Amino acid sequence: MTTSSEDDTFSLGETIASRIPGPIIIGLKGQLGAGKTTLVKGIARGLGIDPDTVTSPTYSIAQHYEASPHSLCHCDLYRLHSEDDFYHSGIDEMLEDAIAVVEWPEMLPAAITTSSAYGEITLSAISEHERLVSLRLPFWAEGQELPAGE
């Protein structure tokens with residue numbers, strides 16, 4: 001699907017959050033400036049979290065936001081170098097029972113990326129404001145579009 005503005009990308013995040021049935025790990029891919037943090041802010045709003053509190057976890061590696069019934073964990077694994085780094089960071093414990101959005105999911109252990117509770121979202125810039133969004137989520141039907149008005 002395509003979003004035509006930052007607001008559209010934010011709204012897509014809200015819609016995704018409204019359809020998440022429970023704990024999941026979502027790998028988030030996209031170049032710098034593709035709208036990854038905007039999408040996560042929308043997911044946060046959809047989970048009842050103030051989107052203004054959501055920041056990129058590039059330097060902290062992980063940000064954790066309390067929500068009910070599931071918290072949101074936003075991770076950026078760019079600075080990790082191995083599966084051992086992942087487990088030593090304690091991020092695996094933060095992901096338990098959370099809705100987790102993970103940038104640089106290539107650094108996740110295969111046991112996570114091959115589980116049924118894993119999906120991916122890829123954002124690609126088409127123009128200054130337009131983004132091509134590819135969703136491969138276990139709760140999102142192949143080819144499913146957003147209903148009119150979302």
Side-chain angles (χ1 to χ4, degrees), residues 1-78 80 86 89-109 112-150:
M1 65 187 60
T2 303
T3 60
S4 58
S5 68
E6 191 171 321
D7 287 343
D8 280 356
T9 302
F10 184 93
S11 293
L12 176 59
E14 286 182 289
T15 299
I16 289 168
S18 74
R19 297 182 184 180
I20 296 173
I24 187 169
I25 298 172
I26 299 171
L28 183 58
K29 297 180 178 183
Q31 297 291 340
L32 183 66
K36 296 184 300 290
T37 300
T38 298
L39 184 76
V40 175
K41 286 179 179 230
I43 291 171
R45 159 86 52 82
L47 296 174
I49 299 164
D50 179 356
D52 292 335
T53 64
V54 175
T55 59
S56 176
T58 301
Y59 297 103
S60 62
I61 300 178
Q63 302 280 15
H64 190 264
Y65 306 94
E66 287 298 323
S68 181
H70 302 287
S71 60
L72 173 65
C73 186
H74 182 197
C75 305
D76 184 330
L77 305 184
Y78 176 75
L80 301 185
F86 175 80
S89 72
I91 292 172
D92 57 320
E93 294 170 12
M94 290 177 68
L95 303 182
E96 292 176 13
D97 295 320
I99 293 169
V101 182
V102 180
E103 297 181 38
W104 287 86
E106 299 83 0
M107 298 308 298
L108 286 169
I112 291 175
T113 60
T114 58
S115 82
S116 62
Y118 178 79
E120 285 188 350
I121 300 173
T122 303
L123 296 163
S124 304
I126 298 172
S127 68
E128 183 179 350
H129 301 289
E130 287 184 301
R131 301 294 182 258
L132 177 63
V133 183
S134 172
L135 302 171
R136 190 178 58 82
L137 301 168
F139 56 88
W140 198 281
E142 178 105 15
Q144 180 178 357
E145 294 291 331
L146 292 175
E150 284 195 277

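Quantities reported herein were computed from a predicted structural model and do not represent experimental measurements.
Looking at every heavy atom in both residues, Glu14 comes nearest to Gly46 through CG-N, 4.1 Å. Taking both residues in full, the closest heavy atoms of Arg136 and Tyr118 are given as NH2-CE2, 4.0 Å, listed atom of the first, atom of the second, then distance. Of all heavy-atom pairs between Ser56 and His74, the closest is CA-CE1, 4.4 Å. Heavy-atom minimum distance, Gly119 versus Pro138: CA-CD, 4.1 Å. For the pair Cys75 and Ile91, the tightest heavy-atom approach, listed with the atom from each and the gap, is SG-CG2, 3.8 Å. Residues Ser71 and Tyr65 share a closest heavy-atom pair of CB-O, 3.2 Å.
Annotation: side chain of Ile26 is in contact with side chain of Ile20 (closest heavy-atom distance under 4.5 Å). Leu132 is not listed as a side-chain neighbour of Leu123, based on a closest heavy-atom distance of 4.5 Å or more. Within the 4.5 Å cutoff, the side chain of Glu103 has no heavy atoms near those of the Tyr78 side chain. Between Val102 and Ile112, the closest side-chain pair of non-hydrogen atoms is not below 4.5 Å. With a 4.5 Å cut-off on side-chain heavy atoms, His70 and Leu47 do not count as touching.
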Item to complete: Could you walk me through whether Gln63 and Val54 pass side chain to side chain contact (heavy atoms under 4.5 Å, CB included), step by step?
Response: CA-CA 8 Å; Gln63 302 280 15; Val54 175; over 6 Å; no
Taking it one step at a time, do Ile61 and Asp76 satisfy side chain to side chain contact (heavy atoms under 4.5 Å, CB included)? CA-CA 5 Å; Ile61 300 178; Asp76 184 330; over 6 Å; no
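Ser11 places no side-chain N or O within donor-acceptor distance of the main-chain N or O of Asp8, the cut-off being under 3.5 Å. With hydrogens and angles disregarded, a donor-acceptor distance shorter than 3.5 Å links the side chain of Lys36 to the backbone of Gln31.
We find the CD1-CG distance between Ile99 and Leu72 to be 7.0 Å, quoted to the nearest 0.5 Å. Remark: Lys29 NZ to Ile121 CD1 distance equals 12.0 Å, nearest 0.5 Å. The CD atom of Glu6 sits 4.0 Å away from atom OG1 of Thr38, with the distance rounded to the nearest 0.5 Å. To the nearest 0.5 Å, atoms CZ (Phe10) and CD1 (Ile43) are separated by 10.5 Å. Expressed to the nearest 0.5 Å, how far CZ of Arg131 lies from OG1 of Thr122 amounts to 14.0 Å. With rounding to the nearest 0.5 Å, the separation of OG1 in Thr3 from CD1 in Ile126 is 7.5 Å.
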